[in-house]
Structure formats: C-alpha cells, structure tokens
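Some notes on the structure that comes next.
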Number of protein chains: 2
Amino acid sequence: MPRLFRTVRVRVLRDLDAEAAEDFLVAELGRRLVEVVARCRVRYEGRAESTLAEGDRVILFKPDGTLLVHSARGLKPVNWQPSGAVFHARRENGVLVVTSSRSAPKETVRMELVELHAVMSVELEDGAALALSGSEADLHAVLHARPDLVEPGFSVDGAERDTGRGPMDIVGTDERGRRVVVEVKRRAASVADVEQLRRYVERERAARAGVVRGVLLAPQVSGKARRYLDELGLECREVDWARAREAATTVRAAGQKSLAGWEA
Amino acid sequence: MPRLFRTVRVRVLRDLDAEAAEDFLVAELGRRLVEVVARCRVRYEGRAESTLAEGDRVILFKPDGTLLVHSARGLKPVNWQPSGAVFHARRENGVLVVTSSRSAPKETVRMELVELHAVMSVELEDGAALALSGSEADLHAVLHARPDLVEPGFSVDGAERDTGRGPMDIVGTDERGRRVVVEVKRRAASVADVEQLRRYVERERAARAGVVRGVLLAPQVSGKARRYLDELGLECREVDWARAREAATTVRAAGQKSLAGWEA
DNA sequence: AAATAAATATCGTGA
DNA sequence: TCACGATGTTTATTT
C-alpha cells in the first residue's frame, strides 16, 4: 500500500519509486484525476506518429480518459488523447510505463516515466458549467433583434436554416424585396468564408427564381477576401459586434421600458 | 516566507491559507511552472465573455505566460490563455485572486481561489522537441516519391507552390500533358475542401491557357463533397496513407539498394 | 504585421 | 454513426 500525504481532496505519493507509483496509479487512474510530474519519454502512434525524447513534463490523467502531456511552454499539450482513452500502468524492466489507448481511431500514447518528481491524485467536485456569451449563436440573436445592422430595410425570414437546402446562417429580404443570404462571422473573414457564402448563394439561386444577394458580415474582411467578393458579385459589411450587442440590448431594454410604461 | 515541502524539482506549499499562497504565487508565477488545485470561480473577458461558477479545478501557470484551467472532464481547458499573458496574484477581502492578462487581443481571465487544495511549483528541464511524422507535409513528400499514387502517368511539376501564383498543394501534369492541381488531405474530405480545390483550379485556369484538372486526394470523401465535385467538374481519389507511405519507403529503400549495388 | 491553411485539431449538433 | 460547421480555435508559414 503506497504511503500518502492526504488532505480532504488530495492524495500525494510519498515514495517516488517505480513500485509505489505503479500501485498508486493502478489504484487511481480512471477513478480520480491524476497528476504526474516526471522525466519521461513519450511515443504516439495513430493518425500520425511522434516521439518525444527524455525531458520533464506535467502529465494529467482525467477520470473520463483524457490524457494531457504538457511541457514547460505553450498552450497545446505536446502529446494528448481526447476523452475515452483507457489508461494502463505497469513496470517494464524496472521502468514505470503508462499507456493511454483509444479505438476509433485506434491510437496509443506510451509514456516511459524515467524519474518521478511528483505523483498525486485529486477529487474534483464541480457541478458548474461554463456560461459563454459572444459566440456566433449569440450574434444571430443580435441580428434577429436588430436586422438593420445588416442594412436599413433588411428583415430576417424565419428559420430558413432548417429547410434542408443548406445550413445558411441567416436568410432575409432587403428593402426592394430581394432575397439576401447572410453569412455571419464573429472574427475577421478570409477567402474561405467568402467561399462558404458563395456556396450558399449558388444553392439558393439554383433553388429559386429571382435575384439572390450574398452578404458577408464580419468585424473585418481581408483584402483578398474583398477582391474575391467583388469577382463573385457578393457583398460584405463590417460590424463592431460589441457595439451591435449593446444596440440589441438597448432595443430589448426599450421594449421593457415601453412595457413598463404600458403597465403604469 | 511560505513553508514548503521540497524535492529537487518540486516545491509544495505546506500552509494552504490565502496569505501564504499569495506569497508563494508572487514569488513563483512567471518563473517556474505553477500548479494550483482549488475550488474557484473564473471569469473571462475579451473576444467573448464567460463565467464559471464555483467548483474544483486544476490550474496551470506556465513560465511563458500560458494559462490552463482544467475541469475534471474533457481535453480542452474550460478557460485558458495562450503564451504571453501576465499573471498577477493578490488578496481581495481575504480571497486569493489571480488574473491573467494579455494584449492583442485584450483579454483577461480572473480566478477567485475560494479554497485551496494544493499549490506547487516545478522546475521542468526539457531540451527535447517533438518529432512528428504523418502530417500533410510528409504526405507531399510521399507523393513526390510516388506520383503514380495520384494516377498512372502523373508527374509532379517542381516547387510550383513557391511561384507566387497561389499556395496550391501540388501541381503536376497528367499522362496526356494536361495540368493537374492536387489538393492533399490527411483526413476525410468535406465540401470545404472541395471549395479550396475549386479556388486553386480557378486561379490556375485564369493564369494559363489549356485544360486544368483538379483532384482531391484524401482517405475518404463525403457524399456531399463528391456531388459537389461532380457539379464542378472536379475529381477525387481515395488514398490509404499508411499504405502509400509504405510504398514510398519501398521506393526509397530500393533506391538505396541500387546505390549500394553501384558502390559495390 | 497580415493572411492563409493545417491540426494527431476538438467539440457540439442534427440527420 | 456520419457529416458539417464553429472554435475565445491555436500554431506555423509565407508574404
């Protein structure tokens, strides 16, 4: 039985030898979140292949079968495996070896833990979910509240998204009754985004008679993207989403105010 | 001065109160890799906004200014900040607050560490770089060695990529002397990939006279993508990259063998 | 610095 | 399960 320093949530392995660590990992992997700091070698085989020579890294094994191998620098783990992997710890010739395997796609990460610096496990109680705002779905809502942000006289035509012809962001009608396909981007738009719009516009033109306009709505549109839009007879409009959201909020607040007035 | 458990590489904070932790973090953040396990609240403001209610998480602060807030599940951190952020620890009304800020884009992550479970720092010695194979660049090399994998009679035209006409994956000539633009994908191809090919083919057609074919080379091509290719008069070919790499290796090995023979 | 495309992309959603 | 599109995408490369 491995000797531990314990607190309510944390178990820290006292003896950093391969045997004690093996026992600890066998007991904890897949059950609690395990952190290992170790000098290690890493090999990955699957969709691609990689090798990582000996060095110190921080390794996280989450109870859902997520693996993260982090070096001292950078956001991305140097090796990883998404949730669903199965962990296995054992000794080979006295060296502690941990593997993480998944199927679909079949992939394995093999870690040889040459020298252990720290081994611990944690019980994470967490009932909270991230509440995010400002994603593209939110911007769609903003445009429904303030269709004039596309252009004066523009109106959104119901849930056209679900008609099965193609998952267009927003379809509406302009001042002069012409159909308008709008592609919404929360970030700067590039040529690839122009092509996405082009595809939707072409499909819409094929599906129905009459003029169909295409508008790319983004905080910024690159020079090449602009030229490409020109070539294709498509348009763009730049939007400051922060300001647009405020505007939409104002509309909603004004609506509430008038409601309050009506109540009084 | 905070009291610590020390090993060669690791410093673990003994007293998990806000004051000791503040001292520890002020001393260690941005210098060594810091790990905090804590019940915390997180707020993010920048390109979007998010709030994360109280819960237990593992937080990594890397010396290069990378922040990772990991919950018990999933590969992606629930909150994060890429390298270059600046960390700041302080107490507000007795609660330990750590912020991570960057400019361009201006973004901040604010963590309120309500209850500390573990606080430690690590010195990571790591001179190794990841050696990866099987990425798209490798597949290009495979095709240069075995152009017949595109089709019999196909030959690759030098480093066309660098001639400034456009960043096409591979340009070559078919059996009948026609120009062929090849878009290489290591993964299953979708409509977006067809559009990328379409763009390159159109550019090539505009730039020179004569027929220009377009071929999408991928391990798999979705149904919609196939139909789209048909519409546009473009082609696709499915390739088993694992087998293709073997084939290319065989060619190279054969080349070495003949060289060895020539030496003898 | 700006733009373009890859990534062992991952992740959610909808059919 | 498959396919498509967003991501606070990030990262590398090239102009």
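Just so we're on the same page: letters track the sequence lines, and every chain starts at 1. Atom set for the values below is all heavy atoms of this structure, side chains included, hydrogens, waters and symmetry mates excluded.
In this structure, Gly223(A) reaches the sugar-phosphate backbone alone: every heavy-atom distance under 4.0 Å involves primed, P, OP1 or OP2 atoms, never a base. Residue contacts for Ser135(A): at a heavy-atom cut-off of 4.0 Å it reaches the sugar-phosphate backbone alone, with no base atom in range.
Dashed line: the shortest gap from a side-chain N or O of Lys185(B) to OP1 or OP2 of dA7(C) is not under 4.0 Å. At the phosphate of dT9(D), neither OP1 nor OP2 sits under 4.0 Å from any side-chain N or O atom of Trp80(B). In terms of phosphate contacts, Arg47(A) brings a side-chain nitrogen or oxygen within less than 4.0 Å of OP1 or OP2 of dA9(C). Contact annotation: Lys76(B) does not reach the phosphate of dA9(C) (side-chain N/O to OP1 or OP2, under 4.0 Å). Applying the 4.0 Å criterion to OP1 and OP2 of dG5(D), one finds that Arg186(A) has every side-chain N and O outside that range. When the side-chain nitrogen and oxygen atoms of Tyr200(B) are compared with OP1 and OP2 of dT4(C), none of them lie within a distance under 4.0 Å. Contact annotation: Gln196(B) reaches the phosphate of dA6(C) (side-chain N/O to OP1 or OP2, under 4.0 Å).
We find that Glu202(B) and Arg198(A) are joined by a salt bridge, their nearest charged nitrogen and carboxylate oxygen being less than 4.0 Å apart. Taking the charged nitrogens against the carboxylate oxygens, Arg245(B) and Glu49(A) do have a contact shorter than 4.0 Å, which makes a salt bridge. Salt bridge annotation for Glu204(B)-Arg213(B): absent, with no cationic side-chain nitrogen under 4.0 angstrom from a carboxylate oxygen.
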Inset, instruction - Verify side-chain hydrogen bond (donor to acceptor under 3.5 Å, both in side chains) between Gln220(A) and Lys185(A), making sure each step is shown before the conclusion. - result: CA-CA 9 Å; Gln220(A) 230 183 319; Lys185(A) 290 295 161 192; over 6 Å; no
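Leu139(B) places its CG atom 12 Å from the P atom of dA6(C), with the value rounded to the nearest Å. In this structure, NZ of Lys224(A) is placed 5 Å from P of dT4(C), rounded to the nearest angstrom. Rounded to whole angstrom, the span from the CZ atom of Arg227(B) across to the C1' atom of dC4(D) amounts to 13 Å. Remark: P of dT4(C) and CD of Glu195(A) are 11 Å apart, rounded to the nearest angstrom. Computed from coordinates, the Gln81(A) CD to dC11(C) C1' distance equals 17 Å when rounded to whole Å. Met168(B) places its CE atom 18 Å from the C1' atom of dA6(C), with the value rounded to the nearest Å. Protein atom CG of Leu197(A) is 13 Å distant from nucleotide atom P of dG5(D), rounded to whole Å. Atom-to-atom, CD of Glu107(B) to P of dT10(D) comes out at 7 Å; the value is rounded to the nearest Å.
Taking for each of Val184(A) and Ala188(B) the nucleotide of DNA chain D with the nearest heavy atom, the 5'-most of the two is the partner of Ala188(B). Remark on DNA chain C: of its neighbouring residues Arg187(B) and Gln220(A), the 5'-side contact belongs to Gln220(A), judged by nearest-heavy-atom nucleotide. Both Leu75(B) and Pro77(A) sit near DNA chain C, but only Pro77(A) has its closest nucleotide nearer the 5' end.
Nucleotides dG8(D) and dA5(C) place their P atoms 22 Å apart, quoted to the nearest Å. Taking atom C1' on both dT7(D) and dA6(C), the two are 15 Å apart, rounded to the nearest angstrom.
Nearest to the side chain of Glu183(A), among dT10(D), dT4(C), dA6(D), sits dA6(D). With dT8(C), dG8(D), dC4(D) as the choices, the nucleotide that has an atom nearest any side-chain atom of Val191(B) turns out to be dC4(D). Minimum atom distance to the side chain of Leu130(B) is reached by dT8(C), of the listed dA6(C), dG5(D), dT8(C). The listed nucleotides are dA3(D), dA9(C), dG8(D); the one nearest the side chain of Ser222(B) is dA3(D). In this structure, of dG8(D), dA7(C), dC11(C), it is dG8(D) that holds the atom nearest to the side chain of Leu132(A).
At a threshold of 4.5 Å between non-hydrogen side-chain atoms, the residues Lys106(A) and Glu45(A) do not count as touching.
When the side-chain contact (heavy atoms from CB on, under 4.5 Å) test is applied to Arg102(A), the partners found at least two apart in sequence or on another chain are Arg47(A), Gln81(A), Pro82(A), Ala85(A), Pro105(A), Glu107(A).
Annotation: the span from Thr99(B) atom OG1 to Arg110(B) atom CZ amounts to 8.0 Å, rounded to 0.5 Å.
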